[in-house]
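Only one structure is covered here, and it is reproduced in the block below.
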Amino acid sequence: MLDLKAIRSEPEKFLRLLEAKGAAENLNRLLDLDYQRRQLVTKTDELKSLRNRVSDEIARLKRAGAAAEDKIKEMKSVSLQIKEQDEQIRSLEEQIHQILITLPNIPHASVKIGRSAADNEVVKIWGEVPTYDFPLKDHLDLAENLGIIDFKRAAKISGTGFPLYVGDGAVLERALVNFMLDFHRKKHGYREVFPPFLVNRDSAFSTGQLPKLEEDMYLTSEDDLFLIPTAEVPVTNIHRDEIIPENKLPIKYVAYSGCFRREAGSYGKETRGLSRVHQFNKVELVWFTIPETSYDVHEKLLQDAEEILQALNLHYRVVSLCSGDLSFAAAKCYDIEVWAPGTGKYFEVSSVSNFEDFQARRANIRYRRSGDNRVGYVHTLNGSGVATPRLMIALLETYQTDEGTIVVPEALQPYTGFSLIKTTV
RNA sequence: GGAGAGAUGGCCGAGCGGCUGAAGGCAGCUGCCUGCUAAGCAGUUGUAUCGUUAAAAGCGGUACCCCGGGUUCGAAUCCCGGUCUCUCCGCCA
């Protein structure tokens, strides 16, 4: 959520930046409603002040045994007026709120203004496109031949987009998750949490999924709980409605979770294989920081996520998203895209975002400054570290051999207990 | 799923329809005292919002005792609805 007071004081700036994200239409109406509200609040507070004073007088008169009928009568009509104006204020606040919750975050000054993914910039390339002296298979062929992912039976069980990992495939998937959790916990000092996979509306609102992206989530109708699309949602909400002492910051969590996405509207494209699925596994990194350091942390977070791919020796590039491609809540975002040689494409395996105080405002996560004891909103950041399905694609396709087997990267071998995946059926 | 109990400030805890933003205690901060520490004494300490201000501080107003309604000139206190927590029973990995 944006700061209404900030919008009020610099409306032109917000107009310009919201346009850069393609979402400026309601701004003037918002400012008008805000003005009306403030006028009415001032008027109504004066009436309340009057009522409080006279009510005290009435109490004094009654205690002294004097009559107060005329004052009571007068206050009766004042109270009625207060009630009417309070209702108007409530209505104005509701309208303001409705606009405010649909306004996206504004891009940071370092973010390029652009319309779509075509305007994104590659800011880093790590490693080189690997070369092979035999014809490459894509992950679908490899997985099917090796019998490590059973898409057919998965479709029978749940439908398309719900991978069923089998045998060494299941072990490999689990190994990836454990490897990444340990990596961030031990090497980067994150605190591990294991969050709930279903969340309530307040939690989904806080991180920005609601109200605009409700249809992207699975909803359990009986209990009105959402299946999480990312661990970002429960983990960010750990500190909802809290005031954190500054000396406790930064706080950094690493969490594994299953992730569930309806991917409504994306039928027909990329529906085969692992590239776009309804359920997947992801290790997520979440930071809470003071505002002054959040952009340094953003770079650090990116680096932490990159190191996973480096440890697995996978070629990747980093893309800085332009304003038009930023998600609803993000002020700045890097995508990490890993190379899949069999498919011949880069796949996004991580999104590393700084939300500044946008989520903190929605979630009411504040901190108390050590110096002057004042409270302010924290900055929240998160990044995938990383998501497995596309990592699996890159892994299978990068480490395939001309026999169709898969060499397990050294870093993973302690977790798999084997170094080669070959046909077992 | 059934039955019962509860929700007050950073924490514990009192609270009669007006004199309660809220007693008392703890913790924190500031002074005083003390060779140091402890103890003692005095003062102080929430959040949001509106106004004043270029802005902040400060000052003034308003609201907030789980949430939402109601009764009343006036509600932490009375009434109704909801949420959450705890205990017991049932079911259950």
Side-chain angles (χ1 to χ4, degrees), chain A residues 1-13 30-97 100-101 194 196-206 210 220 222-226 234 237-249 251 258 291-292 357 360-378:
Chain A
M1 202 144 58
L2 296 173
D3 181 5
L4 184 53
K5 273 187 273 185
I7 300 176
R8 194 189 293 154
S9 63
E10 294 181 284
E12 327 72 32
K13 174 185 154 190
L30 179 70
L31 288 168
D32 181 50
L33 289 167
D34 174 52
Y35 178 75
Q36 286 183 46
R37 177 187 158 272
R38 281 181 295 137
Q39 296 279 307
L40 199 56
V41 164
T42 304
K43 260 171 59 187
T44 308
D45 278 359
E46 277 165 13
L47 283 181
K48 285 179 179 173
S49 176
L50 173 71
R51 181 178 68 183
N52 286 345
R53 278 201 311 278
V54 177
S55 285
D56 281 351
E57 260 178 69
I58 291 169
R60 270 202 301 280
L61 288 170
K62 288 213 157 180
R63 248 174 291 144
E69 295 316 312
D70 51 335
K71 287 196 192 304
I72 289 178
K73 205 176 158 200
E74 190 192 337
M75 284 310 102
K76 205 168 186 142
S77 82
V78 169
S79 272
L80 209 66
Q81 202 181 339
I82 289 171
K83 198 175 164 184
E84 278 169 20
Q85 295 185 3
D86 270 344
E87 263 158 38
Q88 289 176 42
I89 290 169
R90 201 161 37 229
S91 155
L92 286 168
E93 282 175 347
E94 180 55 27
Q95 294 175 64
I96 289 167
H97 183 71
L100 219 44
I101 61 174
F194 207 133
F197 290 1
L198 274 74
V199 296
N200 58 30
R201 282 186 180 271
D202 286 343
S203 295
F205 173 80
S206 293
L210 292 180
T220 63
E222 280 300 297
D223 300 294
D224 207 35
L225 294 171
F226 293 95
N237 276 278
I238 289 173
H239 296 294
R240 170 147 54 87
D241 293 320
E242 290 184 11
I243 300 177
I244 304 165
E246 182 177 342
N247 62 24
K248 290 267 180 9
L249 296 171
I251 296 171
E292 290 80 1
D357 64 5
R361 214 172 271 287
R362 291 168 92 90
N364 195 30
I365 306 170
R366 294 172 292 174
Y367 74 105
R368 190 177 299 281
R369 278 206 297 253
S370 305
D372 54 12
N373 262 349
R374 305 187 69 76
V375 294
Y377 289 102
V378 301

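Values below: every heavy atom of this structure, side chains too, minus hydrogens, waters and symmetry copies. Residue numbering restarts at 1 for every chain, and letters A, B, ... go by the order of the sequence lines.
At a cut-off of 3.5 Å, with distance as the only test, a side-chain donor of A/Ser49 or A/Arg53 sits close to an acceptor on the other residue. With no hydrogens or angles considered, no side-chain donor-acceptor pair links A/Gln81 and A/Ser77 at under 3.5 Å. When only modelled atom types and interatomic distance are considered, A/Asn52 and A/Ser55 share no side-chain donor-acceptor pair under 3.5 Å.
Across the protein-nucleic acid pair, A/Glu93 atom CD and B/rU62 atom P stand 17 Å apart, rounded to whole Å. With rounding to whole Å, A/Gln85 atom CD is found 14 Å from B/rA63 atom P. Note: CD (A/Glu46) to P (B/rG61) measures 12 Å, nearest angstrom. Spacing between atom CG of A/Asp56 and atom C1' of B/rG21 amounts to 14 Å, rounded to whole angstrom units. Taking atom CG on A/Asp241 and atom C1' on B/rU83, their separation rounds to 14 Å, with Å as the unit. One can place CZ of A/Arg368 at 15 Å from P of B/rG28, the figure rounded to the nearest angstrom. Here the C1' atom of nucleotide B/rG68 and the CD atom of A/Glu87 are 13 Å apart, to the nearest Å. For A/Glu57 and B/rC19, the CD to P distance is 14 Å, given to the nearest whole Å.
Comparing A/Tyr377 and A/Ala59, the nucleotide of RNA chain B nearest to each residue sits closer to the 5' end for A/Ala59. Across the interface with RNA chain B, nearest-nucleotide mapping of A/Arg38 and A/Ser49 shows A/Arg38 to be the residue nearer the 5′ end.
Without hydrogens or angle criteria, A/Arg362 side chain to A/Phe205 main chain gives a donor-acceptor distance under 3.5 Å.
Residue A/Lys5 places at least one side-chain N or O under 4.0 Å from the OP1 or OP2 atom of B/rU49. For the pair A/Arg53 and B/rG61, the criterion of a side-chain N or O lying under 4.0 Å from OP1 or OP2 is not met. For A/Arg63, no side-chain nitrogen or oxygen approaches OP1 or OP2 of B/rG18 to under 4.0 Å. Look at A/Ser55 and you won't find any side-chain N or O under 4.0 angstrom from OP1 or OP2 of B/rG18.
Residue A/Thr42 places its side chain closer to B/rG51 than to any other of B/rU47, B/rU49, B/rG51. Closest to the side chain of A/Arg366, from the set B/rU62, B/rU47, B/rG18, is B/rU47. Of the candidates B/rC73, B/rU47, B/rC50, the closest approach to any side-chain atom of A/Lys62 belongs to B/rC73. For A/Ile58, the listed nucleotide lying nearest its side chain is B/rG18; candidates were B/rG18, B/rU49, B/rG61.
For the atom pair A/Asp241 CG and A/His239 NE2, the distance stands at 12.5 Å (nearest 0.5 Å).
Within the 4.0 angstrom heavy-atom criterion, only backbone atoms of the sugar-phosphate kind lie near A/Arg8; the bases stay farther away. Among the protein residues, A/Asn52 comes within range of the sugar-phosphate backbone only, with heavy atoms under 4.0 Å from sugar or phosphate atoms but none that close to a base. Using a 4.0 Å heavy-atom distance criterion, A/Arg90 is classed as a sugar-phosphate-only contact. Using a 4.0 Å heavy-atom cutoff across all strands shown, A/Arg60 reaches no nucleic acid atom at all. At a threshold of 4.0 angstrom between heavy atoms, the contacts of A/Val54 with the nucleic acid are absent.
B/rU71 and B/rA76 have their P atoms separated by 16 Å, given to the nearest Å. For the C1' atoms, the distance from B/rG13 to B/rG9 is 11 Å, rounded to whole Å. B/rG81 sits 29 Å from B/rG21 when the P atoms are compared, rounded to a whole Å. Comparing the same atom, P, in B/rA56 and in B/rA7 gives a spacing of 39 Å after rounding to whole Å. Comparing B/rC11 with B/rA27, their C1' atoms are spaced 7 Å from each other, to the whole Å. Between B/rA3 and B/rG90, the two P atoms lie 15 Å apart (nearest whole Å). The same atom, P, is picked in B/rA75 and in B/rG70; the two are 12 Å apart, to the nearest Å. Taking the P atoms as reference points, B/rC64 lies 14 Å from B/rC19, given to the whole Å.
Counting heavy atoms from C-beta outward, A/Val54 and A/Val78 have side chains that stay 4.5 Å or more apart. You'll find the side chain of A/Asp202 stays beyond 4.5 Å of the side chain of A/Asn237, heavy atoms only. Using a 4.5 Å heavy-atom threshold, the side chains of A/Lys48 and A/Asp86 count as touching. You'll find the side chain of A/Arg38 reaches within 4.5 Å of the side chain of A/Arg8, heavy atoms only. In this structure, A/Asn200 and A/Phe226 have side chains that are not in contact, with every pair of non-hydrogen atoms separated by 4.5 Å or more. Residues A/Lys83 and A/Ser79 form no side-chain contact, since every pair of their non-hydrogen atoms from C-beta on lies 4.5 Å or further apart.
Proximity of residues 71-84 of chain A to RNA chain B (heavy atom under 4.0 angstrom from any strand atom) is restricted to A/Ile72, A/Met75, A/Lys76, A/Ser79, A/Lys83.
For A/Glu292, the side chain to side chain contact (heavy atoms under 4.5 Å, CB included) test picks out A/Ile290, A/Tyr367, with sequence neighbours left out.
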Margin query: Let me check I have this right: for RNA chain B, each base becomes ., (, ), [, ] or |, based on Watson-Crick or G-U pairs with both distances under 3.5 Å. What is the full string?
Written below: ((((((((.[[[..)..(.....]]]((((((.......))))))(((((((.....))))))).[[[[[..)....]]]]])))))))....
